[in-house]
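Taking it in order: structure first as structure tokens, then the write-up.
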Amino acid sequence: MKLLQHIDRLIGFESDDEIADRFSRERVKSVRETIHYYYLTILAPYAGLAWVTWDHLVTRIVACILTLAVAFRFRHWMLPVPEGKTEDVNRNAARLTGFMVVLLSCTQAAFYLTLAFDLDGMAGGTPSWLPILALGLLAALTQGAALTGIIFASRVIFFCFVMPVVAAVLYLFAASNIPASVATVVLTAVNFYIAETSHRTQLRLFQAQYDADAALLRMERTNTELADARRNAQYQAETDNLTGLRSRLAFIHDIEAKLDGGQCGLLAVIDLDRFKPINDLYGHHAGDIVLRQVALRLQRVLPQGTVVGRLGGDEFGVFIAGSSCLAELGELVDVCDKALRQLCKPMRLANAQVSIGACAGARLLGEDAPDVDQALRDADAALYFAKRNDMIETKLFDAEIRDKNKRLHAIETALLEEGALDQLSLAYQPIFNLRTGQLSSFEALARWEHPVLGNISPGQFIPIAERIGCIRPITLALLSRAVDFAAEWPASCRLSFNLSAAHICGGDAASEIVALIKQKNYPAERLQLEITETAMLVDFATARRNVDMLREAGCRVALDDFGAGFASLVYLREIRFDKVKIDGSLIKRARHPQGRDMLRGVVKMIAAMKLESVAEFIATSGDRETARELGAEFGQGYHLGYPLDEEGTRDLLAQYHWPHSTKVRSLANWELDRQEALAPSARPLPLTREK
């Protein structure tokens with residue numbers, strides 16, 4: 001093994017030098033172009049001498065060796081490379097080349113030296129030894145030049161051929177002509193030095209070329225990687241990773257491209273209903289499956305060429321192109337409605353079957369359409385209208401929605417103005433015990449009478465306050481006023497106060513409320529805080545933590561609008577409540593036999609969980625009797641009492657809780673009492689939300 005390694009280093013294959021190794025391979029392959037000159041410099045002088053020295057045995061032996069060598073190497077060096085083969089040179093081929101050069105160099109050296117010394121021993125021999133050695137030296141130098149591309153071949157020819165011939169010349173000629181002998185030595189050394197220097201120079205040039213090629217290759221690879229990274233980044237930016245749909249930005253760009261191309265179409269924003277409860281009940285993986293299923297259904301049901309994108313969360317966008325959009329408006333809306341119906345079909349998960357809903361707001365885009373961003377805002381406004389009105393079909397943006405949007409924008413601006421809190425007030429709607437007729441509590445309801453915008457309902461300004469982040473100061477300010485007023489009430493009358501979804505899901509909500517009532521010295525057990533199901537949907541964990549803190553402080557907590565969504569049962573199981581307020585939709589449905597059975601089941605379930613029940617939206621005496629007969633403990637609504645200002649609230653409290661009053665409260669005379677409560681001294685405030 002060590003011998004082979006030594007031979008490899010000798011012939012130029014340095015295992016630890018990639019440049020030298022590759023250089024050697026390239027130079028060995030280049031010999032194919034000059035190898036015939038090498039054999040010519042062997043055969044031509046030999047033939048000239050063999051013509052007159054054929055009788056010598058060494059001449060005939062050399063003839064046999066040369067004939068075999070030429071025959072053996074003819075195909076490898078002379079014939080074209082077979083198709084499908086390469087000229088790659090491996091170490092074995094290089095070793096064979098080295099062996100052949102050594103053999104031929106030694107053979108020639110023996111031939112010329114034998115003839116020279118034989119003729120030197122013959123008196124007056126012709127030709128003399130000097131022409132023979134001169135011819136041999138010339139042949140050796142020419143062969144070295146022919147194979148100078150292969151450094152090991154040049155070295156072999158020098159040491160195996162040139163050196164013996166030069167040594168013979170010096171031996172035979174030095175005594176008669178010392179200067180000529182010295183010149184011969186110098187020329188020989190110079191020849192060897194030039195060959196070595198040329199090899200090193202070529203190696204440096206090759207290394208420079210190799211480095212340049214490698215740098216160019218790296219640059220090309222880098223450019224390729226950059227191009228791939230750019231394409232990948234562009235794909236990531238333009239594609240939603242979860243659903244494979246167009247991202248919001250790419251969705252807008254695609255629509256702009258279609259509009260620039262002269263197309264028109266219907267831009268619709270689709271929002272899923274009951275999606276958040278699926279995440280809560282089955283986990284986020286199930287929610288991801290639902291979103292992917294929604295994306296597939298939209299792509300399948302919508303016509304070819306429709307742009308479909310995911311705008312964020314559970315909101316999707318579609319742009320259905322048309323040729324004459326005003327004439328085709330009905331057809332475009334029908335296509336969108338068909339997609340909504342497709343989304344409402346049940347979806348199969350791994351361990352359950354779920355059903356979601358969807359609603360859509362749309363905006364027609366034509367030549368005179370606004371920019372796509374504004375159109376999306378218009379479609380969002382139409383979507384909000386559809387969700388608020390429980391629409392199951394596409395709602396088109398119209399003048400009514402535009403006017404409402406302007407008003408909402410004005411409300412938002414007004415909320416941010418200094419002094420907005422001073423314009424807010426509270427109304428107090430009574431809650432009665434349906435079994436005894438006693439006044440149980442008042443629910444504080446926010447009111448806003450703006451000097452320019454007029455009466456602004458809580459349903460308008462509360463969501464805006466949540467969105468722009470000013471619900472916390474509004475809640476704390478109104479709660480402080482309500483607590484100050486409720487401190488005047490009899491101890492048996494509680495204050496009920498609504499907490500917004502955004503506030504109850506704030507990290508410090510419970511601690512702020514507890515600190516406020518402690519500062520006011522208001523008994524915590526007389527404060528009942530109402531939380532809607534929507535609050536649970538925003539951040540369930542934070543909401544539950546705040547509810548626990550409030551109850552530990554002594555406050556009562558009620559789940560408001562129970563029955564408005566199917567996830568309420570989960571919240572009743574996971575969070576400790578004191579009271580449940582039954583949504584008015586169940587009260588209205590109870591006017592029919594089927595709805596009556598449903599309300600009975602809900603009331604019994606609440607009672608089984610040891611919770612108090614409040615029937616909301618009692619608008620008629622029939623609603624009151626139905627709620628009472630089915631087991632509801634408390635009631636609230638227009639029929640029982642309108643929201644009152646502070647003066648009206650005091651009057652109503654005086655009627656029901658005056659210490660010296662002899663009035664006996666009963667359900668039988670409730671109608672008369674209600675009329676008395678609505679006397680001018682107990683006038684109602686304008687209402688926007690019935691309770």
Side-chain angles (χ1 to χ4, degrees), residues 426-447 458 478-479 482-483 485-499 522-523 525-532 555-563 577-584 586-587 590 599 602-603 606-607 611-621 623-646 648-657 665-667 670-671 673-674 676-678 682 684-685 687-691:
L426 288 169
Y428 301 89
Q429 186 172 23
I431 300 175
F432 292 94
N433 188 314
L434 294 179
R435 298 172 185 174
T436 65
Q438 292 294 327
L439 178 61
S440 171
S441 58
F442 284 93
E443 179 180 356
L445 303 173
R447 296 290 182 263
L478 293 181
L479 179 59
V483 167
F485 180 53
E488 306 174 7
W489 303 349
S492 60
C493 189
R494 291 193 180 96
L495 168 66
S496 188
F497 191 88
N498 286 283
L499 295 180
Y522 187 78
E525 64 275 7
R526 289 182 55 196
L527 177 62
Q528 177 175 283
L529 298 166
E530 298 184 12
I531 302 171
T532 64
C555 300
R556 293 168 57 86
V557 181
L559 178 62
D560 198 8
D561 298 337
F562 179 78
F577 291 100
D578 299 288
K579 183 177 290 188
V580 176
K581 302 189 75 172
I582 303 171
D583 188 69
L586 294 179
I587 305 300
L599 179 59
V602 169
V603 172
I606 295 173
L611 301 175
E612 297 177 354
S613 57
V614 181
E616 296 184 293
F617 293 86
I618 294 181
T620 66
S621 59
D623 292 341
R624 182 196 69 197
E625 291 304 317
T626 298
R628 184 178 63 82
E629 290 175 6
L630 296 182
E633 297 179 65
F634 301 91
Q636 178 182 2
Y638 283 178
H639 177 71
L640 302 180
Y642 286 90
L644 306 170
D645 59 13
E646 291 188 1
T649 302
R650 290 190 184 98
D651 291 343
L652 188 61
L653 282 169
Q655 295 180 38
Y656 279 82
H657 291 280
R665 311 302 304 169
S666 68
L667 293 177
W670 208 332
E671 290 293 331
D673 296 336
R674 189 175 70 85
E676 295 174 355
L678 293 179
L685 292 182
L687 265 185
T688 54
R689 182 187 178 190
E690 179 186 327
K691 281 281 190 173

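When every heavy atom of L495 is checked against every heavy atom of A444, the shortest pair comes out as CD1-CB, 4.0 Å. Between Y428 and A482 the shortest heavy-atom distance is OH-CA, 3.7 Å. When all heavy atoms of F442 and C493 are compared, the closest pair comes out as CD1-SG, 3.6 Å. Closest non-hydrogen pair, V603 versus G631, comes out as CG1-C, 3.4 Å. L445 approaches P643 most closely through the heavy-atom pair CD1-CG, 3.9 Å. Across A615 and I587, no two heavy atoms sit closer than the pair CB-CD1, 3.7 Å.
For the atom pair D560 CG and K579 NZ, the distance stands at 11.5 Å (nearest 0.5 Å). Atoms CG and CD1, on L499 and I531 in that order, are 5.5 Å from each other to the nearest 0.5 Å. Rounding to the nearest 0.5 Å places CG of D645 at 11.5 Å from CG of L426. The OG atom of S613 lies 12.5 Å from the CG atom of L559; values are rounded to the nearest 0.5 Å. In this structure, CG in L529 is found 7.5 Å from OG in S496, a value given to the nearest 0.5 Å. Between the CZ atom of F634 and the CD atom of Q438 there is a distance of 11.0 Å, given to the nearest 0.5 Å.
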- Item | side-chain contact (heavy atoms from CB on, under 4.5 Å) between L630 and V602, intermediate numbers included | CA-CA 10 Å; L630 296 182; V602 169; over 6 Å; no
- Go through the steps for L644 and D651 under the test side-chain contact (heavy atoms from CB on, under 4.5 Å), then give the verdict. CA-CA 10 Å; L644 306 170; D651 291 343; over 6 Å; no
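At least one donor-acceptor pair closer than 3.5 Å links the side chain of R526 to the backbone N or O of A486. Listed for the D561 side chain is no donor-acceptor partner under 3.5 Å among the backbone atoms of D583. Listed for the E633 side chain is no donor-acceptor partner under 3.5 Å among the backbone atoms of R435.
Residues F617 and D623 fail the side-chain proximity criterion, which asks for heavy atoms closer than 4.5 Å. No side-chain heavy atom of F497 sits less than 4.5 Å from a side-chain heavy atom of V483. Counting only heavy atoms from C-beta outward, the side chains of R650 and F485 approach each other to under 4.5 Å. At a threshold of 4.5 Å between non-hydrogen side-chain atoms, the residues F577 and E612 do not count as touching. No side-chain heavy atom of E488 sits less than 4.5 Å from a side-chain heavy atom of E646. Residues K581 and I431 are in side-chain contact: their nearest non-hydrogen atoms beyond the backbone lie under 4.5 Å apart. Considering only heavy atoms from C-beta on, L439 stays 4.5 Å or farther from Q655 through its side chain. Taking 4.5 Å as the limit, every side-chain heavy atom of E525 sits out of range of all side-chain heavy atoms of C555.
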